[in-house]
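Data first, discussion second: the structure below is written as C-alpha cells.
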Amino acid sequence: MATISRNEARNAVDGWNARIVHFMEAELPELLEAEGIHVKNGMIKMNDWFRAQEVIRRQDFYTQGHAIQMELRNAGHDVKMNMQDDTLVLY
C-alpha cells in the first residue's frame, strides 16, 4: 500500500476538482463552439444539451477520477466520487 499523507490526498482531490472546474468553465465553451454549438454567457440552447453531454463524455472524467479515488482509498483515505460531475470528496 502506497503511503500518501492526508495533505497529499487533499492536494490530489483539490487538483482533480480544479481540473474539472477549469474544463467546464474555460475549455468546454471553446469545444462546443468548435462543434458548431453557440455558447452565450455560459449557456447553450436546450436542443444542444445532448451534443454537449457527448463532448463532456469524451473527456472520460469518470475513469480518470475513479483511478485517483482508488489510489487514495488504497492508501487508506475515505474518498467518494460525486456521480453528477465526477468530482472527488475527501472525508
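- In this structure, A12 and I68 approach most closely via the heavy-atom pair CB-CG2, 4.5 Å.
- Here the closest non-hydrogen pair linking H66 and M81 is N-CE, 3.1 Å.
- Annotation: side chain of R10 is in contact with side chain of V13 (closest heavy-atom distance under 4.5 Å).
- E54 CD to W49 CH2: the interatomic distance, rounded to the nearest 0.5 Å, is 11.5 Å.
- A donor-acceptor contact shorter than 3.5 Å links the side chain of N74 to the backbone of M70.
- With sequence neighbours excluded, no residue forms a side chain to side chain donor-acceptor pair (under 3.5 Å) with E30.
- In this structure, CD1 in I20 is found 8.5 Å from CD in Q64, a value given to the nearest 0.5 Å.
- For E25, the side-chain contact (heavy atoms from CB on, under 4.5 Å) partners are V21, not counting sequence neighbours.
- For N11, there are no side chain to side chain donor-acceptor pair (under 3.5 Å) partners, not counting sequence neighbours.
- Not counting sequence neighbours, R19 has no partner by the salt bridge (charged side-chain N to carboxylate O under 4.0 Å, His left out) test.
- Checked for salt-bridge contact, D48 and R51 meet the test: a charged N lies under 4.0 Å from a carboxylate O.
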Show me the side-chain donor-acceptor pairs of residues 31-41 shorter than 3.5 Å, one per line, residues at least two apart or across chains.
from : atom 1 : to  : atom 2 : distance (Å)
E33  : OE2    : V39 : N      : 2.8
E35  : OE2    : R58 : NH2    : 2.4

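- With hydrogens and angles disregarded, a donor-acceptor distance shorter than 3.5 Å links the side chain of H77 to the backbone of I4.
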Pair I56, M24 - check side-chain contact (heavy atoms from CB on, under 4.5 Å), show working. CA-CA 9 Å; I56 295 167; M24 296 301 285; 4.0 Å; yes

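- Heavy atoms from other residues, nucleotides or ligands lying under 6.0 Å from NZ of K80 number more than 12.
- Both Y62 and F23 are members of a single hydrophobic cluster when ILVMFWY side chains are connected at heavy-atom separations under 4.5 Å.
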Side chains of residues 83-91: which donor-acceptor pairs under 3.5 Å do they make with residues two or more places apart or in other chains?
from : atom 1 : to  : atom 2 : distance (Å)
D85  : OD1    : T87 : N      : 3.1
D85  : OD1    : T87 : OG1    : 2.7

